[in-house]
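All values reported here derive from a predicted model rather than from experimental measurement.
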Amino acid sequence: MDELKLVFPDLPYAVEEAMNRLRINVKFCGKNTKKIMLTSCLPNEGKSTVAVYLWKMLAEAGFPSVLVDVDLRNSVLMKSVQVDVSDKKGLNHYLSGLAEYDEVVYKTNIENASIVPCTQLLENPSPLLEDIRFRELLNKLATEYRFVIIDTPPLGSVSDGALIASMCDGALLVIRAGSVPKTIIRQSLHEIDQAGCKLLGTVLNCVEGAGGRYGKYGHYGKYGKYGHYGQYGYGPQAEEENKKSKK
């Protein structure tokens, strides 16, 4: 198994604490919750970065974890960890039948952390995601790792996210604070529910704090069926939302 050297920018203290809280909540989701998708309603809500740091922190906590980049139309994940994989085989090769399992799962310089990268963008990956090879890949990863973290396309952009949700044990929905209409959020939640995927919670991103924005991650919590955000937050905006959720 080849190895990739990843570079992770340091997180501000408050952001790191928010991500640690997310990691702890995910840890208590149950032993049968292995395949976890990270998605969003719209592009540019920060889901890929949340996925990367959640995966890294789970691995550092001692849980063998693998990150699968399934945002095959517009992946930015590998750029975020400063790795050029253009000459490597990735998920795109595996789904096309041009590579096998051992050729696309890479070790990293983080202990307990492996990755299946996207190394070439695809215009229409939906038929490949519907193929049995993709489901078999996720199931095999779930037997070898405690957590399979799956970075997916936004639910509001293409149908890929809902398709992937049908193969996962749970979903985390990343929402950029103040930028996504409630109707779109409800639609995204409905798609997750219709796919038969359990909603584990939401990550409210770019929450305004007393000293400005806390980087990108300020809030984590259960969402209920289509209700308010949950109980975990930082700063005045999150506190106000928590009060509203109790009414």
Side-chain angles (χ1 to χ4, degrees), residues 1-4 23 25-39 47-48 50-52 54-59 61-73 75 77-78 85 88-108 110-120 122 124-155 158-173 191-201:
M1 188 182 293
D2 292 338
E3 180 172 323
L4 297 177
R23 174 187 62 80
N25 279 278
V26 167
K27 184 179 69 172
F28 289 117
C29 284
K31 64 180 181 180
N32 293 325
T33 303
K34 290 190 166 188
K35 295 173 287 185
I36 301 174
M37 66 177 283
L38 272 287
T39 191
K47 65 170 179 61
S48 294
V50 174
V52 165
L54 174 60
W55 161 68
K56 175 177 178 286
M57 290 181 172
L58 286 168
F63 298 100
S65 303
V66 60
L67 177 62
V68 187
D69 184 2
V70 195
D71 196 353
L72 296 169
R73 299 174 193 258
S75 174
L77 195 151
M78 299 311 296
V85 291
K88 305 287 187 181
K89 291 185 177 180
L91 178 62
N92 42 291
H93 293 89
Y94 175 84
L95 295 178
S96 301
L98 301 176
E100 296 304 321
Y101 179 89
D102 292 338
E103 297 177 278
V104 300
V105 182
Y106 294 84
K107 295 188 297 184
T108 72
I110 305 297
E111 188 174 0
N112 296 315
S114 298
I115 189 168
V116 180
C118 168
T119 60
Q120 183 178 344
L122 302 176
N124 182 25
S126 296
L128 296 177
L129 294 174
E130 293 173 358
D131 190 89
I132 190 64
R133 282 177 67 85
F134 181 57
R135 187 181 295 271
E136 289 175 346
L137 173 67
L138 295 183
N139 289 340
K140 184 170 183 178
L141 290 170
T143 65
E144 297 190 1
Y145 296 90
R146 173 59 184 89
F147 290 106
V148 181
I149 304 300
I150 304 162
D151 182 29
T152 76
L155 290 166
V158 291
S159 61
D160 299 352
L163 175 61
I164 297 164
S166 69
M167 306 178 198
C168 293
D169 303 319
L172 289 169
L173 182 65
E191 289 188 33
I192 293 172
D193 184 55
Q194 286 292 101
C197 184
K198 178 171 61 177
L199 180 69
L200 303 179

To check you understand the geometry: which heavy-atom pair defines the closest contact between A99 and V104, and what is its length?
CB-CG1, 3.9 Å

With heavy-atom distances below 4.5 Å as the criterion, would you say the side chains of L122 and R73 are in contact?
no

Validate the cation-pi geometry between K34 and F147: distance from NZ or CZ to the six-membered ring centre under 6.0 Å, angle to the ring axis within 45°.
no

Side-chain contact test, heavy atoms from C-beta onward, threshold under 4.5 Å: evaluate it for I164 versus P153 and give yes or no.
yes

Might you work through the side-chain contact (heavy atoms from CB on, under 4.5 Å) test for L4 and M78, ending with a clear yes or no?
CA-CA 10 Å; L4 297 177; M78 299 311 296; 4.1 Å; yes

Just wondering, do L54 and I149 contact through their side chains at under 4.5 Å, heavy atoms?
yes

Check: K47 side chain, D151 main-chain N or O, donor-acceptor pair, under 3.5 Å
no

Partner of I115 by side chain to side chain contact (heavy atoms under 4.5 Å, CB included), out of V68, L77, V52:
L77

Any sub-3.5 Å donor-acceptor pair from T108's side-chain atoms to A113's backbone N or O?
yes

Could you walk me through whether Y101 and R133 pass side-chain contact (heavy atoms from CB on, under 4.5 Å), step by step?
CA-CA 10 Å; Y101 179 89; R133 282 177 67 85; over 6 Å; no

Taking all non-hydrogen atoms of both residues into account, name the closest pair between L129 and L95 and its distance.
CD2-CD1, 3.9 Å

Would S126 and D160 count as a side-chain hydrogen bond (donor to acceptor under 3.5 Å, both in side chains) here? Give the steps.
CA-CA 6 Å; S126 296; D160 299 352; 2.6 Å; yes

Go through V148 and I36 one step at a time and tell me if the side-chain contact (heavy atoms from CB on, under 4.5 Å) criterion holds.
CA-CA 6 Å; V148 181; I36 301 174; over 6 Å; no

Do you know which two heavy atoms are closest between A162 and L155, and how far apart they sit?
N-CD2, 3.6 Å

Look up atom CG in D102 and atom CG in D2, then write down how far apart they are to the nearest 0.5 Å.
10.5 Å

Will you find, in the side chains of S75 and D69, an N or O donor that is under 3.5 Å from an N or O acceptor?
yes

Side-chain donor/acceptor of E103 to backbone N/O of E100, under 3.5 Å:
yes

Check against side-chain hydrogen bond (donor to acceptor under 3.5 Å, both in side chains), N92 and T119
CA-CA 7 Å; N92 42 291; T119 60; 3.2 Å; yes

List the atom of L72, the atom of C118, and the distance in Å for their closest heavy-atom pair.
CD2-SG, 3.7 Å

Any idea which heavy atoms bring S96 and L128 closest together, and the distance?
OG-CD1, 3.8 Å

What I'd like to find out is whether the side chain of M37 reaches to under 4.5 Å of the side chain of L172, using heavy atoms alone.
no

Under 3.5 Å, is there a donor-acceptor pair between the Y106 and S114 side chains?
no

Look up atom CG in L173 and atom OG1 in T39, then write down how far apart they are to the nearest 0.5 Å.
6.5 Å

With the side chain counted from C-beta on, respond yes when L141 and K35 share a heavy-atom pair under 4.5 Å apart, and no when they do not.
no

So CD1 of I110 and CG of L67: to nearest 0.5 Å the spacing works out to 12.0 Å

Could you tell me whether a side-chain N or O of S166 sits under 3.5 Å from a main-chain N or O of L163, the two making a donor and an acceptor?
yes

SG/C168 to CG/L138 distance, rounded to the nearest 0.5 angstrom?
6.5 Å

Can you see which heavy atom on Y145 is nearest to which on V105, and at what distance?
OH-CG1, 3.7 Å

Below 4.5 Å, heavy atoms only, C-beta onward: do L38 and I150 meet side chain to side chain?
no

Could you go step by step and tell me if L98 and K89 meet the side-chain contact (heavy atoms from CB on, under 4.5 Å) rule?
CA-CA 9 Å; L98 301 176; K89 291 185 177 180; over 6 Å; no

Under 3.5 Å, side chain of T152 to main-chain N/O of A165, donor-acceptor pair present?
no

Rounded to the nearest 0.5 Å, what separation is found between the CG atom of L137 and the CZ atom of F134?
7.0 Å

Would you give the length of the straight line joining atom CG of L58 to atom OG of S65, rounded to the nearest 0.5 angstrom?
4.5 Å

